[in-house]
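These notes concern the structure reproduced below.
The sequence lines fix the lettering, A, B, ..., with proteins before strands; numbering per chain opens at 1. No experiment lies behind these values; they were computed from the predicted model shown. Computed over heavy atoms, backbone and side chain alike; hydrogens, waters and symmetry mates excluded.
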Amino acid sequence: MNDQLRVRRQKMQELRDEGIDPFGHRFERDAMTQGLHDKYGETTKEQLEEEEHVVTIAGRMMTKRGKGKVGFADFADRDGRIQVYVRKDQVGEENYHIFKRSDIGDIMGITGSVMKTDTGELTIRANHVTFLTKALRPLPDKYHGLQNVEQKYRQRYLDLISNRESFDRFMKRSHIISAVREYLDQHEFTEVETPVLHTQAGGASARPFTTHHNALNIDLYLRIALELHLKRLIVGGMERVYEIGRVFRNEGIDTRHNPEFTMLETYAAYWDLTDVMDETEGIFRFAAQKVNGSGQITYQGQSIDLDKPFKRIHMVDAIKEQTGVDFWPKMSVADAQKLADEHHVEYQEWWTVGHIINAFFETFVEETLTQPTFIYGHPIEISPLAKKDPKDPRFVGRFELFIHGGEYANAFTELNDPIDQRERFEAQAKEREEGNDEAHGIDEDYVEALEYGMPPTGGLGIGIDRLVMLLTDVDSIRDVLLFPTMRPEKTLTDDEL
RNA sequence: GAGCCGUUAGCUCAGUCGGUAGAGCAUCUGACUUUUAAUCAGAGGGUCAACAGUUCGAACCUGUUACGGCUCACCA
């Protein structure tokens with residue numbers, strides 16, 4: 001234990017000896033710091049002296065400046081900060097002693113009158129200080145905040161206390177999710193909750209986490225998607241449903257992937273992709289408006305306009321626009337390979353035309369899509385779960401939304417033909433047997449549901465974490481997850497406590 | 001999975017050529033009744049991530065390990 005920890009424990013004991021509970025009780029405040037700034041920020045020093053507004057706040061002491069028989073300290077609550085001015089002759093000797101012996105990090109309640117200092121800073125002149133909670137450990141540097149990246153993730157509370165921009169970002173995350181809910185609720189979607197524990201992973205290609213239920217004695221999977229249960233609800237007549245929920249994928253971790261992340265999926269009966277595009281645009285625009293007050297945002301130094309209608313372009317046209325290569329004419333695999341060779345696009349032997357089209361898209365187009373762009377008409381080969389385009393069976397009813405070169409939404413005209421669905425599940429099951437552990441087996445129960453009839457449906461998936469990254473202008477998913485997945489640290493010894 | 005980088009006081013960071021470790025904040029003592037990263041005077045605080053090696057001598061050089069970061073690869 002270092003000197004700082006010892007001193008704070010001693011001070012805790014001093015408080016007890018003085019009859020003060022160092023871990024106090026209910027405290028009623030009548031003002032928030034930001035509210036005071038809003039209310040009195042413009043009022044003059046003289047006017048505040050005349051009017052005498054007595055308020056009570058509570059918060060954590062963030063800085064402290066002692067000056068003999070007076071002291072200044074900044075207190076933070078969830079809204080912001082305010083300076084407090086404590087005078088010995090005003091609060092009395094005993095009360096001043098408590099303030100004097102308090103440490104940065106301690107939590108207190110302050111009652112006093114609103115004033116302004118000579119330099120014009122809004123301040124509470126304390127009449128009384130109520131000690132509420134002792135901090136037994138020192139806070140990170142008051143000026144630099146917590147900079148250690150690992151510690152920010154492992155001890156997020158310290159990051160939240162000492163880095164206000166981080167605190168604000170997480171508040172914003174919460175507001176973004178509220179905005180998404182508000183938008184969908186306004187559009188007559190019903191929010192539902194479906195199981196996290198699945199007897200069979202499905203709805204996406206990904207490796208699942210497995211777990212075990214003791215009483216039933218069965219292995220269960222943590223869900224990798226929300227899809228199949230939500231579509232059962234479309235069969236059940238709910239018509240417009242959504243879920244915002246955690247999904248789990250047992251895959252790598254990097255700046256854009258965390259093993260657990262938050263997905264939004266929505267399904268609307270009788271909609272086609274045009275409707276879903278409108279919905280997607282609506283969600284992005286509404287959320288941006290709610291949290292940033294504008295659809296004009298800056299992401300990693302790049303201006304992005306979410307207010308303007310998003311561009312909508314077929315994948316083949318986008319490739320043509322960017323490279324001049326035209327994949328519209330029907331062509332053989334050899335023709336496509338020749339085009340790939342000419343443009344130095346690498347391909348595998350077994351690839352068909354659709355795979356090569358996709359490779360062209362990823363190589364030449366994706367990173368150029370800075371402004372919001374819907375790419376639709378994916379080749380069927382890369383979209384095994386989507387419904388074929390009846391007018392051109394080489395492509396499917398699917399779109400993805402790209403912004404700043406990254407994918408933000410993925411949508412389908414949902415496959416509602418149970419015969420076709422069963423065949424595709426069988427193909428997946430076969431892949432699984434051949435060793436693809438991201439493919440999954442036949443979900444008989446789901447196929448049966450489809451046999452009762454699922455109306456034509458438009459489905460949408462949005463990675464909420466990436467939406468939050470976009471709207472808060474950060475480039476690592478860990479900066480929008482309060483507690484990102486980390487490898488455990490070594491066990492702390494007594495000395496480190 | 002590969003490559004590169006990081007880990008020094010509670011926090012933020014220096015540390016030259018290999019010679020027993022420094023600053024600011026924080027802490028402690030004293031001064032100070034409108035301070036603003038308060039100031040002034042003094043003091044204490046270190047398993048230099050861990051282990052092994054090279055060396056008369058290692059924070060520094062070498063190796064291994066742990067944790068983290070970035071890039072690439074993988075990835076509906």
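Distance noted for atom P between B:G46 and B:A21: 12 Å (whole Å). Nucleotides B:C4 and B:U12 are separated by 25 Å at their C1' atoms, to the nearest Å. As rounded to the nearest Å, B:U65 and B:C70 have P atoms that lie 22 Å from one another. Comparing the C1' positions of B:U33 and B:G24 gives an interatomic distance of 28 Å, to the nearest angstrom. B:G44 and B:G22: their C1' atoms are spaced 15 Å apart (whole Å). For B:U55 and B:A66, the C1' atoms lie 27 Å apart once the distance is rounded to whole Å. To the nearest whole angstrom, the two P atoms, one in B:U64 and one in B:G3, are 11 Å apart. As rounded to the nearest Å, B:A2 and B:C17 have C1' atoms that lie 35 Å from one another.
The pairing partner recorded for B:G46 is none, the criterion being a Watson-Crick or G-U wobble arrangement whose two distances lie under 3.5 angstrom. B:C17: no Watson-Crick or G-U partner with both key distances under 3.5 Å is found in any strand. Across all strands shown, B:C51 pairs with B:G63; the Watson-Crick or G-U wobble distances both stay below 3.5 Å. Base pairing analysis places B:U35 opposite nothing; no Watson-Crick or G-U wobble pair with both distances below 3.5 Å involves it. Applying the Watson-Crick and G-U wobble criteria (two distances, each under 3.5 Å), B:C11 pairs with B:G24. When both distances must be under 3.5 Å, the Watson-Crick or G-U wobble mate of B:U71 is B:A2.
Rounded to an integer number of Å, the gap from NE2 of A:His144 to P of B:A14 is 11 Å. The nearest whole Å value for the distance from the CZ atom in A:Arg6 to the C1' atom in B:U27 is 11 Å. Whole-Å rounding puts the A:Ile253 CD1 to B:G69 C1' distance at 13 Å. The interatomic distance linking A:Lys64 (NZ) with B:A37 (P) rounds to 18 Å, in whole Å. Between the CG atom of A:Asn148 and the C1' atom of B:U8 there is a distance of 13 Å, given to the nearest Å. As a whole-Å value, the separation of A:Glu431 CD from B:A76 C1' is 12 Å. As a whole-Å value, the separation of A:Leu5 CG from B:A26 C1' is 12 Å. What separates CG of A:Asp103 from P of B:C25 is a distance of 17 Å, to the nearest Å.
Using a 4.0 Å cut-off, some side-chain N or O of A:Arg487 falls inside it from OP1 or OP2 of B:C67. Using a 4.0 Å cut-off, no side-chain N or O of A:Arg65 falls inside it from OP1 or OP2 of B:U39. Residue A:Gln151 places none of its side-chain N or O atoms closer than 4.0 Å to OP1 or OP2 of B:G68. A sub-4.0 Å separation between OP1 or OP2 of B:A38 and a side-chain N or O of A:Lys142 is present. Dashed line: the shortest gap from a side-chain N or O of A:Lys11 to OP1 or OP2 of B:C28 is under 4.0 Å. The side chain of A:Lys67 contributes an N or O atom lying less than 4.0 Å from OP1 or OP2 of B:U34.
Across all strands, A:Thr255 comes closer than 4.0 Å only to sugar-phosphate atoms, never to a base (heavy-atom distances). Looking at heavy-atom distances under 4.0 Å, A:Ile382 makes contact with a base. Using a 4.0 Å heavy-atom distance criterion, A:Gly66 is classed as a base contact. Contact annotation for A:Gln147: backbone-only contact, meaning every heavy-atom pair under 4.0 Å involves sugar-phosphate atoms and none involves a base. Nucleic acid contact class of A:Tyr96 (heavy atoms, under 4.0 Å, all strands): none. At a threshold of 4.0 angstrom between heavy atoms, the contacts of A:Met486 are confined to the sugar-phosphate backbone, with no base atom among them. Heavy atoms of A:Arg478 sit under 4.0 angstrom from primed sugar atoms or phosphate atoms, though from no base atom. Residue A:Arg81 is classed as having no contact, given no heavy-atom separation below 4.0 Å to the nucleic acid.
Salt-bridge annotation for A:Asp89 and A:Lys69: absent, with no side-chain N of the basic residue lying under 4.0 Å from a carboxylate O of the acidic one. A:Lys134 has a carboxylate O that lies under 4.0 Å from a charged side-chain N of A:Asp103, or vice versa, which qualifies the two as a salt bridge. The residues A:Asp389 and A:Arg394 are annotated as not salt-bridged, no charged nitrogen and carboxylate oxygen being separated by less than 4.0 angstrom. A salt bridge between A:Glu165 and A:Arg169 is absent, with no side-chain N of the basic residue lying under 4.0 Å from a carboxylate O of the acidic one.
In this structure, the nucleotide among B:U29, B:A76, B:U27 sitting nearest to the side chain of A:Arg101 is B:U29. You'll find that the side chain of A:Val149 is closest to B:G69, out of B:C28, B:U35, B:G69. In the set B:G68, B:A26, B:U34, B:G68 carries the atom at the smallest distance from any side-chain atom of A:Glu150. Here B:C32 is the nucleotide among B:C32, B:U33, B:C75 with the atom lying nearest to any side-chain atom of A:Lys100. The side chain of A:Tyr85 has B:U33 as its nearest neighbour among B:G10, B:U33, B:A76. Nearest nucleotide to the side chain of A:Arg87, out of B:G10, B:U34, B:C67: B:U34. Checked against B:G69, B:U34, B:U27, the side chain of A:Phe72 finds its nearest nucleotide in B:U34. Of the candidate nucleotides B:U29, B:A76, B:C74, B:C74 has the atom nearest to the side chain of A:Asp254. In this structure, of B:C75, B:A76, B:U27, it is B:A76 that holds the atom nearest to the side chain of A:Phe412. Listed nucleotides: B:U34, B:U36, B:A76. Nearest to the side chain of A:Arg125: B:U34.
Residue A:Lys39 places its NZ atom among 12 or fewer non-hydrogen atoms of other residues, nucleotides or ligands, all under 6.0 Å distant.
In summary, the aromatic rings of A:Tyr299 and A:His404 are positioned with their centroids under 6.0 Å apart.
A donor N or O paired with an acceptor N or O is found under 3.5 Å between the base of B:U36 and the side-chain atoms of A:Thr117. Under 3.5 Å, the side chain of A:Asp141 and the base of B:G24 form at least one donor-acceptor pair of N or O atoms. Scanning atom types as modelled, no donor and acceptor separated by under 3.5 angstrom connect the side chain of A:Glu121 and the base of B:U35. For A:His257 against B:C75, a side-chain N or O and a base N or O form a donor-acceptor pair under 3.5 Å. In terms of polar N and O atoms assigned as donor or acceptor, the side chain of A:Asn2 never comes within less than 3.5 Å of the base of B:G45 in a complementary pairing.
Listed for the A:Arg156 side chain is a donor-acceptor partner under 3.5 Å among the backbone atoms of A:Leu481. Of the possible polar contacts, one joining the A:His440 side chain to the A:Glu438 backbone as a donor-acceptor pair under 3.5 Å is found.
When the options A:Phe360, A:Tyr347, A:Trp350, A:Phe327 are evaluated for a ring-ring contact (aromatic ring centres under 6.0 Å, His included) with A:His355, the one that passes is A:Trp350. Applying the ring-ring contact (aromatic ring centres under 6.0 Å, His included) test between A:His314 and each of A:Phe361, A:Phe374, A:Tyr376 identifies A:Tyr376 as the sole match.
Annotated as anti: B:U65, whose glycosidic dihedral deviates from 0 by more than 90°.
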